[in-house]
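The chains referred to below are lettered A, B, ... by the order of the sequence lines, with proteins before strands, and numbering in each begins at 1.
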2 protein chains.
Amino acid sequence: MSEPRANLPRPAPAPSVSIAAVARHANVSVATVSRVLNGQQVVKPATRDAVMAAVQTLGYRVNEMARNLRTAESRLLLVLVPDVGNPFYAEIMRGIDSVARQHGYLVVLCDTGADVEREHTWFDLLRRRRADGAICLDPDTVQHALAHDNAHLAWVACAEFDPAMAVPYVGIDNRLAARDAVQHLLERGHRRIGLINTDETWLYARQRKQGWHDALTEAGITPRADWCINTHSLDYAAGNAAMTQLLALAAPPTAVFAVSDTLAIGALAGARSLGKRIPHDVAVVGFDDIALAAQTDPPLTTVAQPMRQLGETAVQLLLDLLADRGRPPAHVLLPHRLALRASA
Amino acid sequence: MSEPRANLPRPAPAPSVSIAAVARHANVSVATVSRVLNGQQVVKPATRDAVMAAVQTLGYRVNEMARNLRTAESRLLLVLVPDVGNPFYAEIMRGIDSVARQHGYLVVLCDTGADVEREHTWFDLLRRRRADGAICLDPDTVQHALAHDNAHLAWVACAEFDPAMAVPYVGIDNRLAARDAVQHLLERGHRRIGLINTDETWLYARQRKQGWHDALTEAGITPRADWCINTHSLDYAAGNAAMTQLLALAAPPTAVFAVSDTLAIGALAGARSLGKRIPHDVAVVGFDDIALAAQTDPPLTTVAQPMRQLGETAVQLLLDLLADRGRPPAHVLLPHRLALRASA
DNA sequence: TTGAAAGCGCTAACAC
DNA sequence: GTGTTAGCGCTTTCAA
């Protein structure tokens, strides 16, 4: 919908020097000024210098809004993030931001709360030409709900994606990564290995659970249902509660794999408050390798995701798409690695 | 400088429905369509409905770039943040974002690294009409360096500010808040109270040190120079190292006040790795009250800043300024409180 | 190598 | 109430 917008107060415009003023001052046409400003080589050096001098003395700055209207692009990219406060996303943002800026794009951080409705309102900015493209980090289920209405818009999926959708994406092999993490625990001699998983509306949650399952069954262990807890959020408190629940079991796990570092760090706190020592009483492996992971007590063993590179690649995919709308969607899987520390 | 921009590849434009098409389809003028779209009440209901129907069937969306060129505003706000990864700023961002969106503004998160040069390039976006205003969270010393060149631009300071500058700001009374924190420690019987401070290019660092000093001298204690450590960053590792250094003193502090929660959490880790129990061997008080503070072991006693409200107020100040460039700069101080937990 | 002029899609002043 | 029209400041043919 194109709703009538609320009657917002209008700010007063700032005083401005237009391209026409520069042209007048330099005794050339606006076309010539434009050519100089855009670095076109056809302009005679002397003319060029005169224009630059005028720009200098007048303190002229291009009005990018006008330029963008003319070129039909906003040079704005949207990043749709389910939870801005999560450090995992913060690092991806950094990757996105650096590459986007190199290409002359500005990035708007959009908090979606993993909610389809809010996603829709953000996508509407694309329709209104407010932004050129979007990078979506929301659950694959949310993306799926979006796909139909937004097929013609320029967007890519990052970290989380639905492989069946005709949208470019970049991520890691979550199933394999989770399997690696659990195998590490198995190698340390653990047989009862718990899983702190999150909401399975996330593809990564389903895939990492699979990886946990893979590793256990390959080791001849039958995963028990009560070894697996699903939290409703990724915050520290949720990890804390999940660990408490796991340790209350008659035969509690001797090791726990959490699908996110924030959950794992909460789990550490939960175990400690029950007087457990880590990794002696219970070992913990996390996922992501956020900065805090190296600072916990003990430092957290975790699956390192190439977060920065994830973000960088996502922008690249988006720019490729913008440059050629017709191209078949590219799918990129980046390598992960296990960051071994003291918690497991 | 208005540099010739790099020759960036141009994305292909998306297919589009203009306001003229809607007008044609509804048998009215573009002006009428514009009126309906902007919610002006003068339009006859029947006409309005016809327009809306045309909008619906054509799938029209306003081109905000064109609108913004005409209204001479970009509806974009900049938030200049020294460190995007710091959870303190993440929460302020949330406050900013929510209020900005309510007023039809989009927010761009700008990572400055507390660097004057990078700040300058961001401010240039204001000059090029790419953004309408900015909220600056950088050190007062950086702001000070900026003030001269950017006096005519619309910007406000948040959390950190130079009271002597003619720029609107919102913050808290850092000196008083720090004094409260240290007084709490004194009430618990501590006499040797360390300070983990950060770089004193920050006004808040200087002010909080003052508060620490105030409380001690009021209690008849002479603050010792070696009780005070200045870190070069706010990350967990810096807090860890500072605590280690403090505890190596001949007569180590029995309590430590850290000027940021991230520092305090790192300090907790540092103390623990030396086998100290908290608060028994050394008590710790932080500053900010980020989400993680309630999840540490033990939970962190800290000075709670109204982060969300800080952000909300900053936007309000900025919008006020945008609405009336001439108004005298408003200065707002928000209340803090002590969040009592187990670490002190 | 440069200039004149036609828009980009919209809002708003003015006319009817 | 509604239509006509003149720009907003820029880029980009097309001519010269």
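- Distances from the side chain of B:Lys44 to the nucleotides D:dT2, C:dA4, D:dC10 place D:dT2 closest.
- A salt bridge does not link B:Arg308 to B:Asp97: none of the charged nitrogens lies less than 4.0 Å from a carboxylate oxygen.
- The shortest side-chain heavy-atom distance between A:Val28 and A:Thr47 falls under the 4.5 Å cut-off.
- Taking atom CZ of residue A:Arg129 and atom C1' of nucleotide C:dC10, one finds them 13 Å apart after rounding to whole Å.
- No donor-acceptor contact under 3.5 Å links the side chain of B:Arg70 to the base of D:dG9.
- If you measure from atom CZ of B:Arg128 to atom C1' of D:dG9, you get 16 Å, rounded to the nearest angstrom.
- Side-chain nitrogen and oxygen atoms of B:Ser34 include at least one within less than 4.0 Å of the OP1 or OP2 phosphate oxygen of C:dT11.
- Distance B:Met65 CE to D:dG9 P: 16 Å, rounded to the nearest Å.
- Distance B:Asn27 CG to D:dG3 P: 9 Å, rounded to the nearest Å.
- Counting to the nearest Å, the C1' atom of D:dG9 and the CZ atom of A:Arg24 are 12 Å from each other.
- Taking side-chain N and O atoms only, A:Thr47 has no distance below 4.0 Å to OP1 or OP2 of C:dT1.
- With DNA chain D read from its 5' end, the first of the two nearest nucleotides for B:Ala66 and B:Ser29 is the one closest to B:Ser29.
- For C:dT11, the OP1/OP2 oxygens have a side-chain nitrogen or oxygen of B:Asn38 closer than 4.0 Å.
- Of the N and O atoms on the side chains of B:Ser74 and B:Asn68, not one donor lies less than 3.5 Å from an acceptor on the other residue.
- Note on B:Thr32: a side-chain N or O is less than 4.0 Å away from OP1 or OP2 of D:dG3.
- Residues forming a side chain to side chain donor-acceptor pair (under 3.5 Å) with B:Arg35 (at least two apart in sequence, or on another chain): none.
- In this structure, B:Thr71 does not reach the D:dC8 phosphate: none of its side-chain N or O atoms is under 4.0 Å from OP1 or OP2.
- When rounded to the nearest whole Å, the span between CD of B:Gln40 and C1' of C:dA13 equals 12 Å.
- Here the C1' atom of nucleotide D:dC8 and the CD1 atom of A:Ile19 are 14 Å apart, to the nearest Å.
- Residues A:Ala31 and A:Pro45 both approach DNA chain C. Their nearest nucleotides, taken by heavy-atom distance, put A:Pro45 toward the 5′ side.
- Atom CZ in A:Arg35 sits roughly 13 Å away from atom P in D:dC14 (whole-Å rounding).
- Looking at the side chain of A:Leu69, the nearest of the listed nucleotides C:dC10, D:dG9, D:dT2 is D:dG9.
- In this pair, A:Phe161 and A:Tyr169 present their aromatic rings parallel. The plane angle is below 30°, not in the 30 to 60° band.
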